[in-house]
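Numbered from 1 within each chain, the chains take letters A, B, ... in sequence-line order. No hydrogens, no waters, no symmetry mates; every other heavy atom, side chains included, goes into these values.
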Protein chains: 2
Amino acid sequence: MMSESTPNGERQPRAGKSLKAQQRRQEILRIAMDTFAARGYNNASLQEIADRAGVTQAGVLHYFRSKAQLLTSVLDLRDATDIEQLGPDRPRGLAFLRHLVDTVRRNTEREGIVRLYAVLSAESVTEGHPAQDYFRDRYTGLRTFVTDALAEACELGETRPDLDLEDAANAIIAVMDGLQIQWLLAPDSVDMAASTERAINALLGGLADKPDQQRSEAL
Amino acid sequence: MMSESTPNGERQPRAGKSLKAQQRRQEILRIAMDTFAARGYNNASLQEIADRAGVTQAGVLHYFRSKAQLLTSVLDLRDATDIEQLGPDRPRGLAFLRHLVDTVRRNTEREGIVRLYAVLSAESVTEGHPAQDYFRDRYTGLRTFVTDALAEACELGETRPDLDLEDAANAIIAVMDGLQIQWLLAPDSVDMAASTERAINALLGGLADKPDQQRSEAL
DNA sequence: AAGGGCTTACTAAGTACTTAGTAAGTGTGC
DNA sequence: GCACACTTACTAAGTACTTAGTAAGCCCTT
């Protein structure tokens with residue numbers, strides 16, 4: 001189990017002493033996640049979250065000193081791709097990419113989380129959004145993970161810091177994100193896992209058989 | 001030149017008689033676009049748009065009968081990918097895919113439009129968002145366009161309604177959308193055009209040399 | 001060519017409501 | 001008896017949208 005300390009710098013108001021309070025806090029967090037997922041950050045209100053949790057608006061602010069801090073707490077709570085919590089003995093190379101596809105497949109059963117990250121990541125690019133740093137860091141981390149995995153999978157050796165590799169990594173991350181929005185709007189028209197797998201395979205193929213700069217002159 | 005009639009069903013308040021009024025209307029539209037792009041729909045206010053346009057809030061509502069209708073008018077105004085306005089003699093097959101990449105490249109110089117579509121498409125999946133229908137339709141159309149182009153590019157003949165083809169098309173659309181968010185958060189870490197081109201090439205290669213169901217067992 | 005009647009293009013002021021956040025108080029359990 | 005976990009009561013600011021009014025212009029008849 002994960003310890004309770006949030007990596008988040010802002011201090012919480014004194015909360016979490018009694019067991020009941022800790023449970024309440026957790027419950028508010030869960031409900032806030034659902035609400036932010038369904039309505040976005042700006043359109044969700046503390047009032048609505050409080051109502052759903054069965055407390056007053058001020059009750060929510062007893063546990064989280066501001067709406068923005070509630071959001072960052074929700075985001076710290078768990079990661080949509082489960083990558084960061086894999087730990088140091090995480091899978092490498094091909095196995096990592098397979099893990100990505102598995103995560104996408106599992107996400108088909110977790111619409112709430114998909115919604116949360118799809119909506120908030122895009123909303124975060126607006127002026128002064130409180131989750132901007134979170135997502136910037138998140139993408140930086142993901143980029144490194146995927147780039148490394150690609151290099152390992154192709155057994156290129158880590159000698160050359162390959163720009164093509166980064167482009168491919170970005171494309172893989174992008175395809176996962178982009179599919180989420182399409183899937184949320186029209187679940188029956190999109191097979192997230194199949195499309196992701198196909199894209200990763202294709203990109204991997206393109207990288208593998210190209211030590212010389214000849215190929216891929218299709219366009 | 002495009003005619004002034006909006007495909008949008010809702011009738012506007014009687015507006016646009018005099019030339020000056022038409023210009024004012026256009027100006028409000030332009031400013032609304034910027035504002036929605038910078039702040040999202042929910043967080044943008046009529047007041048802010050009005051202030052920037054140098055009229056009162058009610059002045060804006062003279063031209064657009066509601067905030068929601070202002071948004072749909074903005075979206076009707078122009079399409080980010082320029083696809084719909086290609087007309088019936090649009091490029092086909094490979095040429096169409098090349099056009100997609102060109103559009104992405106051009107978008108690097110139009111951050112406002114990228115922002116508008118990236119933010120709003122994700123925001124639109126939230127409960128009761130006024131742009132939901134717009135984006136649902138938009139993706140449906142895009143899917144058809146790209147699927148057709150892929151089929152033409154591979155010269156598969158349109159005999160079999162290929163599921164793989166749809167998956168690949170969705171992946172291509174997704175990669176373009178997903179890259180936008182990454183690019184908006186960290187422009188220096190993302191080469192939208194290069195990543196898009198690489199992904200399309202890779203997916204195209206994967207489709208071309210696979211009439212039998214053997215290949216792509218990498219994962 | 002002047003004036004009546006109508007429309008357009010707004011503004012100022014308000015309605016009715018929601019927002020995040022605060023300050024002070026209350027009841028309960030240790 | 002006192003700290004914790006809240007609630008009640010509130011504020012100040014903002015929200016979309018309405019209402020009522022006005023200045024200016026256009027068109028048609030006389």
Take atom [atom1] of [X] and atom [atom2] of [N], then tell me their distance rounded to the nearest Å.
X     : N      : atom1 : atom2 : value
B:Q47 : C:dT19 : CD    : P     : 19 Å
B:Q26 : C:dA9  : CD    : P     : 14 Å
B:F64 : C:dA9  : CZ    : C1'   : 14 Å
B:R25 : C:dC10 : CZ    : P     : 13 Å
A:E48 : C:dG21 : CD    : P     : 16 Å
B:K67 : D:dG14 : NZ    : P     : 15 Å
B:L61 : C:dG14 : CG    : P     : 19 Å
B:Q22 : C:dT8  : CD    : P     : 13 Å

Contact list for DNA chain C against residues 38-46 of chain B - heavy-atom distance below 4.0 Å: none
Using the test salt bridge (Lys or Arg N to Asp or Glu O under 4.0 Å), find all partners of A:D51 that sit at least two apart in sequence or belong to another chain. none
Please enumerate all residues that pass salt bridge (Lys or Arg N to Asp or Glu O under 4.0 Å) together with B:R136, with sequence neighbours excluded. none
According to side chain to side chain contact (heavy atoms under 4.5 Å, CB included), who are the partners of A:S189, at least two apart in sequence or on a separate chain? A:A186, B:R143
Heavy-atom distance under 4.5 Å between the side chains of B:L94 and B:L204, does that happen here? yes
Looking at side-chain heavy atoms only, is the closest gap between A:V74 and A:L116 below 4.5 Å? yes
Straight-line distance of B:D191 CG to B:T196 OG1, nearest 0.5 Å: 8.5 Å
Could you give the distance from CZ (B:F135) to CD (A:Q182), rounded to the nearest 0.5 Å? 12.0 Å
Cut-off 3.5 Å, no hydrogens considered: what does the side-chain donor-acceptor table look like for residues 28-39 of chain A, sequence neighbours left out?
unit_1: A:R30; atom_1: NH1; unit_2: A:E27; atom_2: OE1; d: 2.9
unit_1: A:R30; atom_1: NH1; unit_2: A:E27; atom_2: OE2; d: 3.4
unit_1: A:T35; atom_1: OG1; unit_2: A:I31; atom_2: O; d: 2.8
unit_1: A:R39; atom_1: NE; unit_2: A:E48; atom_2: OE1; d: 3.3
unit_1: A:R39; atom_1: NH1; unit_2: B:E127; atom_2: OE1; d: 3.1

No-hydrogen, no-angle side-chain donor-acceptor test under 3.5 Å, A:Y139 and A:D177: yes
For nucleotides 11-13 of chain C, list the nitrogen or oxygen atoms of the protein found under 3.5 Å from its nitrogen or oxygen atoms, one pair per line.
unit_1: C:dT11; atom_1: OP2; unit_2: B:T56; atom_2: N; d: 3.0
unit_1: C:dT11; atom_1: OP2; unit_2: B:T56; atom_2: OG1; d: 2.6

